[in-house]
Amino acid sequence: MTSTNNPKKKLIEVAIPLEAINAASAREKSIRHGHPSTLHLWWARRPLAACRAVLFAQLVDDPSGYADKLLDDPKIRKQAEADVAVRLATWRDRKADAQGNLPDTPEPTLEDCAVDIERKRLFGIIEELAVWENSTNEEVLERARAEIRRSCGGELPPVHDPFSGGGSIPLEAQRLGLPAYGSDLNPVAVMIGKAMIEIPPKFKDMPPIHPGIKVRSFYRNAEGLAEDVKYYGEWMREKAWERIGHLYPQVDLPKEYGGGKGTAIAWIWARTVPSPDPAFADVQVPITTSFMLSSKPGKEAWIEPIVDRASKTISFLAHNSGTKAEIAKAKEGTKAGRGANFRCLLSDSAITSEYVKRIAQSGGMGQMLIAIATEGKNGRVFVSPTGSQEAVAVGVERHRAPEITLPNHSQYIGVLGYGFEKFGDLFTSRQLVALNSFSDLIEEVRSQIAADAVAAGLVDDGEPLRQGGIGAQGYADAVSVYLGFCVSKSADYWSNLCTWRSDPKNLGVGHVFARQAIPMVWDFAEANPFSKSSGNFLTSLDWIVRVVRELPSFASGEIRQVDAQSVEYPAGSVISTDPPYYDSIPYADISDFFYSWIRGALRPAFPDQLNTIAVPKMEELVADRMRHGGADAAEAFFLSGMTSAIGRMCSYSSSDYPAAIYYAFKQSEVEQEGISSTGWATFLQAIMDAGYSVVGTWPVRTELANRTRAAGSNALANSVVLVCRKKEATAEIITRAEFIRALKRELPPAIAELQAANIAPADMPQSAIGPGMGVFSRYKAVLESDDSPMSVKTALQLINRELDEYLGGIQGEFDADTRFAITWFEQFGMQAGDFGTADNLARARGIAVDSVKHAGIVESAANRVRILSREELSDNWDPEEDRHLTVWECLQHLARKHEKDGISHDTAVLLKKINTKAEAVKDLAYCLYDISANKRKDAKEATAYNALIADWTELTRQAAGIHDTGGDRQIRLDI
């Protein structure tokens with residue numbers, strides 16, 4: 001990958017340890033306690049591991065720029081001399097195996113080996129840096145910071161993310177010691193960013209100020225701030241209990257569960273409509289998806305509806321055990337098919353979706369209490385509802401409900417047809433009282449904190465935080481931000497759209513935003529803010545305290561509210577950003593759910609950021625066809641706005657560092673159009689129109705490995721980091737033919753570099769786009785035969801074609817038997833074919849079928865030939881003893897061992913024995929992956945090769961430490 005600019009090439013422009021970054025990013029999804037994502041909900045955050053690694057690689061020089069200096073180090077020179085001897089032997093062996101077909105790769109040099117040694121050292125830093133547990137490890141972080149300082153000449157540039165969203169990129173810039181800047185149009189995102197990035201450095205290493213603190217010699221980073229957040233959050237909870245605790249009465253427990261009183265965890269309600277049967281039209285009947293309360297084996301609990309048709313009544317009885325038949329029936333609720341279709345418990349008549357909507361829109365939908373989950377003396381107990389419990393809830397006066405109108409948008413489509421018109425409709429009266437009571441307490445607690453801060457010795461300057469205040473008032477504002485988030489986070493659990501989760505692993509109240517939309521919920525759980533179970537106020541507080549305690553405070557930071565087309569960049573900014581995908585989720589619409597509560601709690605402290613009634617929407621840079629009146633107008637809005645925003649980045653950012661721009665792939669888009677999809681092409685066009693050249697593309701996986709599409713499968717990555725440099729003003733115009741010639745000249749060595757970096761075969765198409773687009777985007781234009789400019793989509797298709805040709809061309813470098821096997825596999829897979837066909841293929845390669853049979857690759861009998869499967873290969877095969885060794889055998893035996901044992905000692909020993917064939921084996925894995933995934937559509941076979949390459953780096957590392965491959969002798973490892 002080459003840059004058209006003169007500045008030093010950075011690591012990210014050449015190679016990064018992609019598999020290690022992807023593994024750490026995927027693992028991070030399962031980390032909760034203390035992770036910044038748990039400070040407050042924000043959608044589609046980039047993994048911190050990827051952000052940290054990308055920033056490091058953006059700033060650190062690639063060793064290819066100082067290869068001569070590396071060889072001045074005697075230790076590196078000695079290692080390079082040893083390495084080059086091995087690589088030369090491998091290169092010559094492959095050349096001989098190719099029988100006159102010269103390898104595409106140039107002859108290895110001493111400088112190449114020195115650069116690889118240094119690159120591996122830098123990769124080691126990134127691999128350590130990406131691990132979540134090292135995000136607070138000062139020794140690891142300082143090692144990375146020192147490397148950045150060395151490459152930056154001691155003067156650290158500011159990092160700016162103009163689409164900062166959840167704040168992942170500025171936060172990780174700050175963790176690496178860099179001045180961190182971010183901006184976003186959305187006030188919810190801005191407040192999250194301020195809480196993570198702006199506030200902690202202002203009060204770094206400061207002790208807490210609350211009364212009665214335990215004396216500690218030192219508070220690191222934001223630990224003192226976190227302790228005060230905890231103290232004053234608990235203060236708020238106690239004050240709230242004094243005022244509204246009577247609205248959450250205790251529950252009488254059955255005698256079989258010890259009797260006495262228990263604290264309610266949640267009140268479980270079912271929505272109701274009048275029975276459609278005229279005989280029972282005056283009776284409200286429940287519409288519920290399930291009557292299950294717990295499906296935990298041995299502790300099943302369910303609700304039995306007691307129907308009395310004579311008196312036209314329905315009551316509910318909670319059972320804490322049941323038969324299989326009773327439980328199976330309870331799981332059905334009153335559902336009757338998909339959607340909003342139910343059955344009437346009184347008459348068994350159908351309650352259709354149309355009927356439910358008509359009743360709801362006319363205001364006729366109600367709710368009834370069907371069970372209560374409680375904290376008993378010996379664990380959780382489910383009890384039957386009582387009139388007194390229901391009366392307390394329905395008797396609460398409704399007041400101060402958020403008046404923002406629900407957007408007519410797909411994110412709310414699940415509730416819009418059922419009488420929900422304003423955000424206030426998403427909460428019960430009792431929930432509104434709780435949320436408003438806690439929100440009102442923010443102003444009181446701010447005054448209390450300021451008074452305690454003065455008593456603790458902070459200056460009483462009256463300067464608010466928004467004006468740079470770091471005295472008593474500034475500190476009170478700071479603590480109140482986190483407490484305001486407690487209220488907002490609680491709204492996600494205190495809504496009439498919360499579910500009751502009955503599954504054993506997640507038994508309790510489920511929050512509203514289980515996905516990036518608000519679905520309709522027919523039976524909902526009303527959490528008790530004062531319980532000790534899911535959805536209580538102290539749980540939200542605890543999540544926040546854990547995050548604040550670990551937030552970095554190493555460098556300054558600033559988050560501003562401004563759209564990306566208008567932002568002012570600090571001089572010499574490095575751009576690292578995750579802009580919205582062109583028709584992604586309109587976060588402005590769904591963040592209104594939280595905005596009402598954040599605004600109510602924090603507007604006095606941040607009047608400028610929270611001065612609008614709702615979150616700004618029309619300016620949000622997404623191609624929303626509902627906002628802009630159709631797909632064409634929406635795409636034009638996005639393309640114009642994104643080009644303007646990226647153009648501003650390009651104009652004001654530093655020329656010394658490449659920009660990193662994340663792009664999120666939709667799996668549906670990829671499956672329909674592949675990697676030359678419309679969204680991808682549109683985005684790349686915006687980047688190039690803005691003045692950038694794309695010089696690298698790195699696929700980043702952020703899905704957990706235990707999901708349906710696991711790491712190691714042949715699924716495309718769900719994000720790509722584009723590495724961009726400013727295009728030179730003197731860029732030329734070339735023809736299509738000249739572009740293709742440039743691709744053929746420059747793409748093969750770039751792909752070879754990617755293979756050397758062990759990019760997984762599934763990621764190769766996306767990775768190869770980088771050097772390919774580097775060729776395309778460095779020109780002012782590429783002209784077609786009719787003098788029209790070539791489209792990005794066409795360029796992507798040509799790059800793909802060249803990648804296919806390269807992978808096919810690799811075949812010429814293998815031994816003749818392997819070349820025969822590749823062609824046979826491509827045509828027949830593992831199926832048998834005619835001997836005559838096989839004979840023709842063999843002769844064309846200068847061998848006979850008997851040669852391939854003797855090599856142990858095929859079975860030939862009864863005029864039929866077929867390739868032996870991996871399972872049929874000999875268990876006693878030893879490459880060191882094989883006198884007819886082929887690359888095909890080496891790969892298949894290694895793949896079999898890896899499928900069985902993964903990264904194991906035995907797999908590493910086998911790789912060590914393969915010795916000089918190892919690089920050819922890796923190339924063959926890429927080749928067979930391409931055939932399996934793209935030509936034969938054999939996902940299982942493709943996955944085997946992809947997984948092997950994904951683990952290649954670690955297997956190579958382990959193999960390098962093995963000095964004796966004798967089967968019966970003790971094997972020594974370098975540890």
Side-chain angles (χ1 to χ4, degrees), residues 43-44 162-163 165 184-186 189 405-417 515-519 563-566 577-593 614-649 661-690 692 694 697 716-720 722 766 769 773 776-777 784 788-797 800:
W43 304 271
F163 297 98
D184 205 289
L185 181 64
N186 192 306
T405 300
L406 286 170
N408 184 22
H409 203 281
S410 57
Q411 264 50 55
Y412 291 95
I413 207 73
V415 299
L416 285 175
R515 57 190 179 93
Q516 298 177 359
I518 295 185
D563 74 90
Q565 299 175 64
S566 309
T577 187
D578 178 22
Y581 173 77
Y582 89 112
D583 66 349
S584 64
I585 303 296
Y587 297 128
D589 284 315
I590 51 179
S591 56
D592 268 338
F593 180 92
V615 172
K617 294 179 179 62
M618 290 304 295
E619 305 94 328
E620 186 180 26
L621 202 48
V622 290
D624 189 320
R625 62 187 65 190
M626 296 184 73
R627 283 185 200 159
H628 299 287
D632 291 343
E635 184 169 332
F637 168 82
F638 173 82
L639 189 56
S640 170
M642 188 58 71
T643 303
S644 172
I646 297 175
R648 195 168 183 82
M649 289 181 212
I661 304 175
Y662 294 72
Y663 176 86
F665 268 100
K666 281 184 176 179
Q667 196 62 44
S668 59
E669 171 192 33
V670 171
E671 287 168 356
Q672 290 168 16
E673 301 183 74
I675 60 171
S676 58
S677 64
T678 302
W680 180 219
T682 302
F683 193 79
L684 285 171
Q685 190 69 59
I687 287 174
M688 286 183 288
D689 288 349
Y692 274 127
V694 178
T697 47
L716 286 170
N718 54 358
S719 294
V720 170
L722 294 103
Q766 288 170 324
I769 287 170
M773 289 307 297
F776 179 75
S777 61
E784 298 281 15
S788 64
M790 180 183 286
S791 70
V792 171
K793 193 158 190 171
T794 299
L796 288 171
Q797 290 165 348
N800 267 339

Kindly determine whether Phe776 and Val792 satisfy side chain to side chain contact (heavy atoms under 4.5 Å, CB included), including the steps that lead there.
CA-CA 9 Å; Phe776 179 75; Val792 171; 4.2 Å; yes
Stepwise side-chain hydrogen bond (donor to acceptor under 3.5 Å, both in side chains) check, Ser591 with Asn186
CA-CA 8 Å; Ser591 56; Asn186 192 306; 2.9 Å; yes
What's the verdict on side chain to side chain contact (heavy atoms under 4.5 Å, CB included) for Phe683 and Phe638, showing C-alpha distance, side-chain angles and the deciding distance?
CA-CA 9 Å; Phe683 193 79; Phe638 173 82; 4.2 Å; yes
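Listed by chain and number, the residues in a salt bridge (Lys or Arg N to Asp or Glu O under 4.0 Å) with Arg627 are Asp589, Glu620, Asp624 (sequence neighbours excluded). Residues satisfying the side chain to side chain donor-acceptor pair (under 3.5 Å) criterion with Glu784, sequence neighbours excluded, are Arg736. Leu185 pairs by the side-chain contact (heavy atoms from CB on, under 4.5 Å) definition with Asp563, Pro616, Glu619, not counting sequence neighbours. Looking at residues two or more places apart in sequence or on another chain, you find a side-chain contact (heavy atoms from CB on, under 4.5 Å) between Leu406 and Tyr412, Val415, Leu416, Phe420, Phe423, Leu426. Remark: Phe637 engages Leu621, His628 in a side-chain contact (heavy atoms from CB on, under 4.5 Å) (not counting sequence neighbours). Not counting sequence neighbours, the partners of Ser791 by the side chain to side chain donor-acceptor pair (under 3.5 Å) test are Thr794.
Interatomic distance, CG of Asp689 versus OG of Ser640, reported as 10.5 Å (0.5 Å rounding). Distance check, rounded to the nearest 0.5 Å: CD1 of Ile661 to CD1 of Ile646 gives 5.0 Å. Taking CD of Gln685 as the reference point, atom CE of Met642 lies at 14.0 Å (rounded to 0.5 Å). Here the OG1-OH distance, from Thr577 to Tyr662, works out to 9.5 Å after rounding to the nearest 0.5 Å. Rounding to the nearest 0.5 Å gives a distance of 4.5 Å between OG1 of Thr682 and CD of Glu635. Atoms CG and CG, from Leu722 and Leu684 in turn, are 5.5 Å apart once rounded to the nearest 0.5 Å.
The two residues Ala564 and Pro162 have their closest heavy-atom pair at CB-O, 3.8 Å.
Between the Thr643 side chain and the Ala690 main chain, no donor and acceptor come within less than 3.5 Å of each other. Side-chain atoms of Asp592 come within 3.5 Å of backbone N or O of Val615 as a donor-acceptor pair. With hydrogens and angles disregarded, a donor-acceptor distance shorter than 3.5 Å links the side chain of Ser777 to the backbone of Val694.
Annotation: side chain of Arg625 is not in contact with side chain of Asp632 (no heavy-atom distance under 4.5 Å). Within the 4.5 Å cutoff, the side chain of Phe163 has heavy atoms near those of the Pro580 side chain.
Ring orientation note: the planes of Tyr587 and Trp43 are close to parallel, at an angle under 30° on the 30°/60° scale.
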